[in-house]
Amino acid sequence: MTFSNKLIFWYLQNDRDLPWRKTRNPYFIWLSEIMLQQTRVQQGLSYYLVFTKEFPTVFDLANASESKVLKLWQGLGYYSRARNLHATAQYIASDLNGIFPDNYTDLKKLKGVGDYTASAIASICYEHPEAVVDGNVYRVLARHFGRQTAINSSLGIKEFKALAQELIDPKQPGTFNQAIMDFGALHCKPQNPLCTSCPLQNSCVAFTTNTVKELPVKEKKTKVKQRYFNYLVLLTKENKTVFTERKGKGIWQGLYEFPLVETTNSVEESELVYAAEFKKYIKEEAKIVLFNKEDTVHKLSHQHLHTKFWLVKLDEHKDAEISWDTLQKYPVPVLIANFLEELDTLNGYF
DNA sequence: AACCCGGGGAG
DNA sequence: CTCCCAGGGTT
C-alpha cells in the first residue's frame, strides 16, 4: 500500500464527524478554514455554528457591520482574521456576485487566504490536487519520512510543500488532505503519539530510528515581552464612561477598551497620576480606586500583560459618551470581558 | 528572514 | 511552566 492509501484507509475508519464535512459549499468551507487557522477544532466549532446560523450566505456576512462580526468573533483571537473575513465577504458579494473563485490562484488572492487555505478550498470543494501543509502535515511528514529540516525555515516550508504535493492522491485530493490532517490531530499527535497502534509504523522512519520525540524540528521561538497596562475605568454621575476602539498596528485592532496608560513597570497610584498619558485623560477632580489588588496577568502567545484596572469616579468627563449599560454590545478582548464579568458579579461595587 | 497577531487545551 | 493548534500578513 502507498502512503496515501494507508492514510485514507485509516481515515475511513477514524474521521471526525464535523459540520463542515457535510458540505462542499465553498462559503462554508472557507468560513471553517479561516476559523481553524492556528485554532483547535474543539475551540472553533461553536463559533462555526454561530456564524453559519447568523450568516447563512456570504451576502448575510457582507451586509453585517464589522463590529457585529468582531463581536461574534470575540474570544477566538487573531482578530485580523475576522476583519479579513468580512472584507472578503463584501468583495465576493459585490464584485463576484457571491460566486467564490474556483481555483488555487484566484482563491489565494483573497484577503486572509494563504497557501494553506487556498489549497484546502481548492481540494475539498473542487477536487483540485493542491496539497495542504498545516501543523499536522508538517508533523506527520517529518516523522514518517525522517525529515530534519526545520519546518519554520524557508527551506523547510518549500521542502514539505513539495513532499506533500508528491504524495497527494490526485483522484481524491480533498479526502487525502483531510485524512493526513485528521491523522496528525488524532493519531500522530505532538505528544504521546499512538505509535504502537499505528498503521504506518513499518514505513515510519522516526519510529524505526527512535526519533519520534525529536521530530518535527522547529527553529527557536521569540521571547515573551512583559507589558504593564493601566486601564482607567471612568464612571460619571450620569453613568457614562470612555470606551474606544483600538486603532493602529498592535494587538486587538478594532476591539474596544477603556483609556489605557501603559507603563514600563507595575505602578502605584501616586506614580500613575503623574504619568503624562494619565493627565491627558483625567483633568477633572476624581476619586480613584484600584479594582484588583494583584495585577491581572493576561497571557498572549508573545506577550504577558500585567494589568491594573483603576476605577475613576468623577462628576463629568468630556469624552464620556458611552452609557455603562451598553458596554456588552462592543467587541472586546477577553481581558476586558473578564474584567466586566467580574465587576458584574460585584453588583453595586462601582 | 524575522516579527507580529489570541486564546485555550494538554501534559 | 511549555508546547502548539486545519496560518497569514507585514516589514
Side-chain angles (χ1 to χ4, degrees), chain A residues 11 15-16 18-21 28-48 70 73-85 87-88 107-121 123-124 130-140 150-158 160-161 164 174 176-186 188-193 213 216-225 227 246 248-255 297-305 331-338:
Chain A
Y11 180 63
D15 66 317
R16 290 177 283 186
L18 301 169
W20 47 85
R21 294 247 167 96
F28 294 122
I29 300 299
W30 165 70
L31 190 54
S32 72
E33 293 299 345
I34 300 296
M35 285 185 160
L36 294 175
Q37 287 168 3
Q38 290 292 286
T39 304
R40 293 172 194 278
V41 166
Q42 196 54 36
Q43 188 187 0
L45 186 54
S46 61
Y47 287 84
Y48 176 82
L70 281 170
W73 197 274
Q74 183 178 310
L76 197 54
Y78 284 144
Y79 297 94
S80 65
R81 292 185 295 170
R83 296 193 306 273
N84 286 335
L85 183 83
T88 294
L107 283 163
K108 198 167 175 303
K109 291 175 186 167
L110 302 174
K111 276 187 185 178
V113 175
D115 178 75
Y116 163 80
T117 306
S119 299
I121 299 173
S123 62
I124 294 170
E130 305 284 355
V132 298
V133 185
D134 74 334
N136 296 307
V137 177
Y138 279 119
R139 187 169 54 256
V140 171
I151 60 171
N152 55 345
S153 66
S154 56
L155 187 64
I157 292 170
K158 285 182 190 170
F160 284 97
K161 174 75 181 182
F176 173 87
N177 279 339
Q178 298 194 73
I180 191 170
M181 290 193 285
D182 254 22
F183 182 73
L186 301 177
C188 194
K189 299 180 294 178
Q191 279 91 27
N192 307 321
K213 287 188 73 175
V217 173
K218 204 168 180 179
E219 281 174 353
K220 61 186 185 303
K221 52 212 170 271
T222 53
K223 241 183 68 180
V224 176
K225 187 179 175 187
R227 300 177 71 181
R246 275 186 80 97
K249 299 252 168 196
I251 55 174
W252 302 332
Q253 193 185 332
L255 276 58
V297 184
H298 188 72
K299 293 178 177 176
L300 307 180
S301 53
H302 51 293
Q303 44 188 296
H304 290 179
L305 310 175
V332 296
V334 166
L335 173 63
I336 301 292
N338 288 346

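Naming convention: chains lettered A, B, ... in sequence-line order (proteins, then strands); numbering from 1 in each chain.
- Extent of DNA chain C lying under 4.0 Å from chain A heavy atoms, first and last nucleotide in 5' to 3' order, is C/dC1 to C/dT11.
- A heavy-atom distance below 4.5 Å is not found between the side chains of A/V137 and A/F160.
- Among the heavy atoms of the strands, none lies under 4.0 Å from A/N177.
- A/W20 comes within contact range of at least one nucleobase, with a heavy-atom separation under 4.0 Å.
- If you check every strand for non-hydrogen atoms under 4.0 Å, A/L335 touches nothing.
- For the pair A/L107 and A/T117, the minimum side-chain heavy-atom distance is 4.5 Å or more.
- In this structure, A/R139 reaches the sugar-phosphate backbone alone: every heavy-atom distance under 4.0 Å involves primed, P, OP1 or OP2 atoms, never a base.
- Residue A/G184 is out of contact with every strand shown, counting any heavy-atom pair closer than 4.0 Å.
- Between chain A and DNA chain B, the heavy-atom contact criterion of under 4.0 Å yields a 5' to 3' nucleotide range of B/dA1 to B/dG11.
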Before giving the answer on side chain to side chain donor-acceptor pair (under 3.5 Å), spell out for A/Q37 and A/R81 the whole-Å C-alpha distance, their side-chain angles and the decisive distance to 0.1 Å.
CA-CA 9 Å; A/Q37 287 168 3; A/R81 292 185 295 170; 4.9 Å; no
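- Contacts of A/T39 with the nucleic acid, taken as non-hydrogen atoms under 4.0 Å apart, include base atoms.
- Using a 4.5 Å heavy-atom cutoff, the side chains of A/W20 and A/E33 are not in contact.
- Toward the 5′ end of DNA chain C lies the nearest nucleotide of A/V133, the other residue of the pair A/V133 and A/K249 mapping further downstream.
- A/E219 comes within 4.0 angstrom of no nucleic acid atom, judged by non-hydrogen atoms across all strands.
- Put simply, the side chain of A/V132 does not reach to within 4.5 Å of the side chain of A/Q178, judged on heavy atoms.
- Contact annotation for A/S153: no contact, since no heavy-atom pair falls under 4.0 Å across all strands.
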Test log, rule side-chain contact (heavy atoms from CB on, under 4.5 Å), inputs A/L85 and A/L31:
CA-CA 8 Å; A/L85 183 83; A/L31 190 54; 3.8 Å; yes
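- For A/N84 (side chain) and A/L110 (main-chain N/O), no donor-acceptor pair under 3.5 Å exists by modelled atom type.
- Across all strands shown, A/V113 has heavy atoms under 4.0 Å from sugar-phosphate atoms exclusively, and none from any base.
- Within the 4.0 angstrom heavy-atom criterion, no nucleotide atom of any strand lies near A/I34.
- Residue A/A164 comes nearest to A/V133 through the heavy atom pair CB-CG2, 4.0 Å, listed as atom of the first residue, atom of the second, then distance.
- Take A/K109 and apply the salt bridge (Lys or Arg N to Asp or Glu O under 4.0 Å) test, not counting sequence neighbours, and it matches A/D106.
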